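No experiment lies behind these values; they were computed from the predicted model shown. Every chain is numbered from 1, with letters handed out A, B, ... down the list of sequences.
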Amino acid sequence: MDALMDFLFNTSLGILILTVVKALALLVPLLIGVAYLTYAERKVMAAMQLRKGPNVVGPLGLFQPFADAIKMLMKETIVPTGANRALFLFAPMLTFMLAMLAWAVIPVNDGWAIADINVGILYLFAISSLGVYGVIIAGWASNSKYAFLGAMRSAAQMVSYEVSMGFVIVTVLLCVGSLNLTEIVRAQQTVWFAIPLFPMFVIFFISTLAETNRAPFDLPEGESELVAGFFVEYSSMSFALFFLGEYANMILMSSLTTILFLGGWLPPFDIAPFNWVPGPIWFVLKICLLLFTFIWVRATFPRYRYDQLMRLGWKVFLPFSLLWLVLTAAVLKLTGWLPA
Amino acid sequence: MIAALAFYVFAAILIASAVMVVTARNPVHSVLFLILAFFNAAALFLIAGAEFLAMILIIVYVGAVAVLFLFVVMMLDIDFAQLREGFQRYAPIGAIVGGILFLEIVMVVGAWRFAPDAAALRVNPNPAGVTNSEAIGRILYTDYIFLFQGCGLILLVAMIGAIVLTLRERPGTRRQNIAEQVARTGSVTVRSVPTGAGLKELGILRPPSPEEAKPKEVEHHQGHGGHH
């Protein structure tokens, strides 16, 4: 046993094997989670619209995601004439890869992150800001007008909302004094940041909707005017990768919101029945709550018009988050709560 | 050893993609190679132990600047034959400008010397027990605060200039006044209705519009639908 431990923790091959095992232990549950998120979305939206949702494949339709996955695998990948073949196939892979890559730094419990790096939050912000490339490249490489219009909208939309997201993150970082995600959660031991920074929490949540291209900000897809937007030309597995990437990004953004505002793995109250429950379960529960809200919003609100979307991002969220940032800094400085 | 190997791999890809930026025929490919170059530069920062700079490079250049580049390049409908037309005519001027820039770089590098205390700092740029993001903050916001704020002001002026240049008041454009719309009552109202009940049962009926009130006879003359 000791020899095995020594091999795993002290030799470079052992560390490599250990990291691969850790990554699999994270990614396999994540992908199953993605599969059931699609199922949950259909069921929840069905309930909200007085329908039944998927109920044929397996008990309560529970095998529906797998049936869909197998169907996708069986279909032919079609590359349109005039498309840029290499980039056309690269775009969905990029989207999916980025959605997986970001999970390396997410701390599911105290010290459970695969890579507990100093600049964790910047890493996450960097990876999420790259998500737009999958969309732009897909739209351009498809050589189709609808896809291109979707890509253009997406580029403008994601860049706009990243700015206010950045200010929200800076506000949280002011209260923490560290860029490390584990430190950010530990700083919420006394109170979750969702309470003192409530307006920022709301802005961040709405910005994540825009960042993941979800309703009411799903203009890049815009079925009613752009058919399916940037992935209109995609079929079979290349479409499935976009689909999986979108849902994995939803889970990622929910976990980021959890870490920044809802205290990550921490229980809501540090007293008897709550702190018996292990941290990862709290973490997953909080993510599920946010994901439910994602679906709830989709079933409730109509799509924004493009100019309204830009107005909200630049004229409402940006000035407000900037003002709140200055306010937070001033309060922290005057009360002497500024972390060292 | 692994770090050295990684350095050479990233450096080689960086130079190769930088060359491709200039030589690629398709401008979209150029921008994508530029992004690859940014990534490899970020990797080099990581190897040098400057993870803050690496992440900022990706966030600012790849996440924002290059997206706008790509946006503009994709929107532009560039005719390459036309671009290459004046190549021979402009080549001498280009060569002169390039030569001057090259000479300037040679002069700068030739006169290069290290600050007296740089040799000691090079070994360990961070003070002990301080992450490099904090170390940068300590220098940037203390010793160089005025220069830093000056940079910010210059960027602000440039931004305002760009907006002033492009913003035109066109007559006859219709603008949305959100407050006015929200304050409007009468034509459209929102009400809460019990789930599952029909509109007729609730007594909510749309007033008949003048088009609907017309007799439907007209449709017979249109000629589509073959049920007659």
Side-chain angles (χ1 to χ4, degrees), chain A residues 12 16 48-50 84 86-87 90-91 94 98 105 115 117-133 135-137 139-141 143 148-149 151-160 162-163 165-166 169 173 177-180 183 305 307-308 311-312 315-316 339-340, chain B residues 1-3 26-29 31-36 38-39 42 45-46 49-77 126 129-138 163 173-178 181 194-197:
Chain A
S12 35
L16 186 71
M48 287 175 180
Q49 295 164 353
L50 309 178
N84 189 320
L87 286 180
F90 173 66
L94 180 73
L98 289 172
V105 294
I117 57 175
N118 276 337
V119 288
I121 188 74
L122 287 181
Y123 173 84
L124 272 184
F125 195 55
I127 296 287
S128 75
S129 68
L130 296 181
V132 65
Y133 283 107
V135 176
I136 301 190
I137 293 174
W140 183 77
N143 198 16
F148 190 62
L149 282 172
M152 288 294 110
R153 283 183 178 187
S154 172
Q157 170 180 333
M158 288 166 104
V159 170
S160 308
E162 236 156 52
V163 184
M165 263 175 91
I169 289 176
L173 293 181
S178 168
L179 297 171
N180 183 303
E183 291 297 325
R305 215 173 54 210
D307 60 313
Q308 293 171 333
R311 178 183 169 273
L312 185 70
K315 292 189 180 171
V316 180
Chain B
M1 210 282 282
I2 293 176
N26 190 329
V28 173
H29 291 176
V31 178
L32 292 176
F33 276 116
L34 184 66
I35 292 162
L36 187 62
F38 284 144
F39 263 108
F45 271 133
L46 273 186
E51 67 261 22
F52 180 75
L53 288 181
M55 292 304 154
I56 291 296
L57 183 71
I58 291 183
I59 292 172
V60 174
Y61 283 91
V62 183
V65 174
V67 173
L68 297 180
F69 268 16
L70 204 57
F71 193 88
V72 171
V73 165
M74 282 177 176
M75 296 279 271
L76 291 177
D77 195 18
N126 291 353
V130 172
T131 62
N132 63 49
S133 17
E134 204 178 329
I136 289 175
R138 281 186 186 178
I163 294 172
T173 47
R174 285 149 63 89
R175 285 182 192 280
Q176 184 182 23
N177 187 344
I178 303 261
Q181 279 186 339
T195 314

Heavy-atom proximity to chain B below 4.5 Å, by part of A:Ile136: both
Which atoms of A:Leu122 approach chain B - backbone, side chain, both or neither, heavy atom under 4.5 Å: both
Interface residue of largest heavy-atom contact number with chain A, from B:Leu32, B:Ile35, B:Val28, under 4.5 Å: B:Val28
Gap between atom OG of B:Ser133 and atom CG of A:Leu173 - 0.5 Å precision: 10.0 Å
Residues forming a side-chain contact (heavy atoms from CB on, under 4.5 Å) with A:Ser129, sequence neighbours excluded: A:Glu162
Under 4.5 Å from any heavy atom of chain B - which part of A:Leu87: side chain
Validation: residues 49-74 of chain B side-chain donor-acceptor distances under 3.5 Å, sequence neighbours left out:
residue: B:Glu51; atom: OE1; partner: B:Asn132; partner atom: ND2; Å: 3.0
residue: B:Glu51; atom: OE2; partner: A:Asn118; partner atom: ND2; Å: 3.1

